[in-house]
Amino acid sequence: MNYLDELNDVQRAAVTTTEGPVMIVAGPGSGKTRVLTYRIAHLVQLGVDPFRILALTFTNKAATEMRERVEKIVGTEARNLYIGTFHSVFARILRYEASKIGYPSNFTIYDTDDSRNLIKSIVKEQGLNDSLYKPSIVHNRISSAKNGLMGPEEYQKDVNIIADDAASGRPKIGMLYELYAKRCFMAGAMDFDDLLYKMYYLLVKFPDVLFKYQNRFRYILIDEFQDTNFAQYSIVRKLGAVHENVCVVGDDAQSIYSFRGATIENILNFEKDYPDLKIFKLEQNYRSTKHIVHAANKVITNNRMQITKEIWTENHHGEKIKVLRAVSDNDEGKLIVDSIFEEKMRNQRMNNEFAILYRTHAQSRAFEEALRRLNIPYIVYGGVSFYQRKEIKDLLAYLRLTVNHFDEESLKRVINYPARGIGQTSVEKALLVANEKGKRLWEVLEHCHDYLPGNRSNTSISDFVTKIKSYALMLKTHDAYALAAHIAKTSGLLQELYNDKTVEGLSRYENLQELLNGIKEFSEKSFDADKDPIEQEWVTIDGEVLNEKQLDKSLGAYLQEISLLTDFDKKVDNDDRVMLMTIHSAKGLEFPCVYVVGLEENLFPNMMSLSSREELEEERRLFYVAITRAKHKLTLSFAGMRFRFGTPQYNDPSRFLEEIDPAVLDVAISHREFAASSHEEKFSKVTAPIRREPQYAHKPSADFAADDFNLIQNGMEVEHQRFGIGKVIHLEGSSKDKMATIFFQNNVGQKKIMLRYAKLRIVKKDLMGEN
DNA sequence: ATAAGTCATTTTTTT
DNA sequence: AATGACTTAT
């Protein structure tokens with residue numbers, strides 16, 4: 001077993017202590033993933049059947065990586081391991097056991113948008129004040145209730161919650177929760193939180209199901225344990241109750257998901273729940289330089305709540321940590337990108353050795369522009385996901401509706417898209433009837449002549465219903481791809497996009513093709529029974545031969561799989577590109593050169609997280625996560641001025657900069673000196689070189705007077721108040737509605753500008769080349 | 001009835 | 001800065 005020789009003493013002990021509850025406290029860069037994968041490999045080599053090992057992670061990426069690394073050691077047997085995210089593993093089990101809790105096995109998974117839209121319509125139906133009962137607020141309340149395993153009944157009885165909701169002036173949230181849950185159930189839909197909540201109740205209410213999975217999973221491993229919430233912990237506790245071979249790996253100092261219900265208390269509870277728990281602390285860091293490790297240690301001591309540990313390293317001291325002070329957000333972009341360029345030249349680095357980490361997605365813009373200017377390829381993770389795009393959601397809605405007719409959100413989305421003469425009024429009428437009679441929207445539409453006598457669009461509705469039913473009939477005879485392609489064509493979606501010859505329309509069309517290709521891959525992959533590990537899992541649970549072959553290559557299976565996928569999981573990062581992402585998405589990753597940007601008070605730590613000590617400490621842990629991603633070179637930056645909601649904001653440097661030992665910092669102008677200067681001096685320093693035109697909220701200034709969009713045509717050279725001189729590539733909209741979308745090309749690149757008034761000055765009416 | 005003008009909102013991180 | 005909701009002017 002020579003793979004054990006690669007480990008240090010603590011790591012080896014953590015790997016070989018296979019029996020009984022184990023907690024591994026793993027600092028950043030301490031070889032956590034290695035220990036986890038070796039532990040699984042070790043179990044397999046000891047003769048444990050891979051079918052009986054369950055490993056739960058937070059991201060699909062982590063799961064895939066783990067499977068691949070285990071496979072390298074133990075070979076093809078790794079296929080049979082049950083490795084996945086909490087959500088995907090539970091979705092799979094729920095899919096199989098669905099009938100027990102009254103769900104169809106092809107239940108829909110509502111994403112956040114679906115949930116919020118449903119809440120929005122419930123609030124409207126109830127005649128409540130929609131500015132008070134905002135979908136996001138109501139959804140958050142419901143979400144945290146579910147993550148705390150609290151159902152609608154308990155919610156409405158809980159004294160504290162009643163008091164909270166009354167205090168915030170929203171006493172009806174409990175009722176909304178109940179209605180929401182009912183509607184989801186009627187629609188055969190689960191939201192993200194239901195995947196945990198329903199899983200727990202499945203185990204509690206059906207002892208035979210609990211017994212089955214308890215016995216099946218002899219070894220359970222949990223990655224990123226500090227980020228589990230109460231529901232997840234409770235499920236694991238139940239599943240592990242027979243064999244008690246539960247191994248959790250985590251680092252309390254890297255807990256950054258409390259907004260999702262994660263609680264450090266799980267770590268404390270774990271010690272209480274398993275008195276004979278063995279704890280291993282991995283404190284040696286193999287990733288970063290001494291300077292970086294020192295800075296991280298120092299920063300985290302400002303937090304009160306933590307398990308004491310001292311991270312140390314044998315690595316070199318390395319370069320000092322550089323701090324850059326930028327004048328503005330755009331200036332910050334330039335400074336950072338210049339620095340990347342210089343470092344690339346000096347040390348012959350690849351683009352993918354660099355990562356720019358920020359607090360919020362909105363910060364990426366300045367860096368993208370600067371990178372494009374120097375022709376450095378880059379990739380932005382997160383942001384608007386592929387699966388969130390309108391065209392993608394439209395087709396998926398058709399597919400979802402085909403698989404599950406009761407899926408109300410999908411139904412509402414596509415019933416009149418492409419337009420077929422079924423207006424908002426008809427849908428609302430139908431919904432009203434449905435709620436009155438306790439029927440589903442689909443059922444009302446199915447028999448619209450009975451339920452909605454005299455409704456003008458009944459013929460269209462019937463045609464629509466017939467169409468969807470005809471798709472459903474094809475489920476049995478066609479594979480996922482053939483059906484999806486058929487639907488794209490015959491629903492009119494593809495035609496609609498094909499007719500749209502604009503740049504935007506073209507890219508939408510391409511996106512749809514890409515989705516179809518993805519489905520093709522899926523259906524080909526799943527029809528190859530020998531290659532699919534997932535299918536085998538289903539055949540062998542408990543020794544039963546499950547009649548699941550059809551199920552898992554179905555469209556329904558595909559839909560459930562991609563509902564839980566994010567862009568991060570989709571992209572392959574062997575491209576040579578500079579990586580831009582939020583710090584949250586960077587968790588678990590490492591890069592030779594890391595730039596942590598936007599270190600300003602109110603941005604990082606974020607304004608929204610300054611109301612309590614706990615929140616501030618979480619922001620600090622986030623900072624800790626950020627700086628410990630770096631292997632060799634770490635650079636921090638902040639901008640004195642930043643645009644937010646169209647108005648300039650002047651910020652102080654982040655308090656976190658103060659918390660780093662100055663001895664390891666390399667600052668051109670010390671942030672201390674900067675912070676110490678008077679308010680006026682500070683801002684004159686910061687803002688001096690910035691000269692901006694006054695901002696016009698509505699009316700263009702005299703120079704930019706072409707506020708009639710009819711005057712502007714393709715190919716014209718125009719000047720925009722902010723983006724400078726460029727060429728109009730494409731124009732949508734008209735002067736009639738005072739709004740237009742302009743595709744604008746300047747030396748930086750192509751830009752889409754949406755304007756209420758044309759803030760453009762015509763430079764040259766050159767229409768040459770435009771034919 | 002339509003066009004033009006005013007006002008309010010937006011405020012984080014993700015499975 | 002951008003946009004949806006709402007109000008006022010013609």
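Below, each value reflects all heavy atoms present in this structure, side chains not excepted, and no hydrogens, waters or symmetry copies. Treat the numbers as computed from the prediction; the structure is a model and nothing was measured. Throughout, protein chains are lettered first and strands after them, A, B, ... in sequence-line order, and every chain is numbered starting at 1.
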### Query
Once you round it to whole Å, what is the distance between C1' of dT12(B) and CZ of Phe604(A)?
11 Å
### Message
Tell me whether Lys198(A) forms a cation-pi arrangement with Phe107(A), defined as NZ or CZ under 6.0 Å from the six-membered ring centre and within 45 degrees of its axis.
### Response
no
### Query
Looking for any heavy atom pair under 4.0 Å, which part of the strands does Tyr257(A) touch: base, sugar-phosphate only, or nothing?
sugar-phosphate
### Message
Base, sugar-phosphate or nothing for Ser88(A)? Non-hydrogen atoms, less than 4.0 Å.
### Response
nothing
### Task
Give a yes/no on whether any side-chain N or O of His361(A) is located under 4.0 angstrom from OP1 or OP2 of dT14(B).
yes
### Task
Using a cut-off of strictly less than 4.0 Å, decide whether Thr582(A) has a side-chain nitrogen or oxygen near OP1 or OP2 of dT14(B).
yes
#### Entry: Pairing of Asp251(A) and Arg621(A) as salt bridge, 4.0 angstrom limit
no
### Query
Are Glu369(A) and Arg365(A) ion-paired here, with the side-chain N under 4.0 Å from a carboxylate O?
yes
### Query
Between dT3(C) and dT13(B), how far is it from one C1' atom to the other, in whole Å?
25 Å
### Task
Identify whether the distance between the nearest side-chain nitrogen and carboxylate oxygen of Lys32(A) and Glu224(A) falls below 4.0 Å.
yes
### Message
Ring of Tyr257(A), cation from Arg260(A) - is the NZ or CZ under 6.0 Å from the centre and inside 45° of the axis?
### Response
yes
## Note on the structure
Atom CG of Asp227(A) and atom P of dT15(B) are separated, to the nearest Å, by 11 Å
### Task
Test for a donor-acceptor pair under 3.5 Å between the base of dT13(B) and the side chain of Arg260(A), counting only N and O atoms.
no
### Message
If I take atom CG in residue Asn606(A) and atom C1' in nucleotide dT14(B), what distance separates them, rounded to the nearest angstrom?
### Response
15 Å
### Query
How long is the line joining CG of Leu580(A) and P of dT13(B), in whole Å?
14 Å
### Query
Gln363(A) has an atom CD; how far is it from atom C1' of dT11(B), in whole Å?
13 Å
### Task
Inspect the contact between Arg413(A) and Asp114(A) and indicate whether a charged nitrogen and a carboxylate oxygen are less than 4.0 angstrom apart.
no
### Task
Return the stacking result for dT13(B) and Phe259(A): yes when the ring centres lie under 5.5 Å apart and the planes under 30°, no otherwise.
yes
#### Entry: Among dT12(B), dT13(B), dT15(B), the one nearest His584(A) by side-chain distance
dT13(B)
### Message
Please report the distance, rounded to the nearest Å, between CG in Asn140(A) and P in dT15(B).
### Response
16 Å
### Query
Taking OH from Tyr624(A) and P from dT13(B), how many angstroms apart are they, rounded to a whole number?
24 Å
### Message
So, OP1 or OP2 of dT11(B): does either fall under 4.0 Å of a side-chain N or O from Lys134(A)?
### Response
no
### Message
Which residues in residues 192-199 of chain A have a heavy atom closer than 4.0 Å to any atom of DNA chain B?
### Response
Phe192(A)
### Task
May I ask you to decide whether Glu428(A) forms a salt bridge with Lys412(A), counting only side-chain N to carboxylate O separations under 4.0 Å?
no
### Query
Counting only side-chain N and O atoms of Ser585(A), is one of them less than 4.0 Å from OP1 or OP2 of dT14(B)?
yes
### Lys/Arg N to Asp/Glu carboxylate O, Arg359(A) vs Glu619(A), below 4.0 Å
yes
### Task
Starting from P on dT14(B), measure out to CD on Glu618(A) and report it in whole angstrom.
12 Å
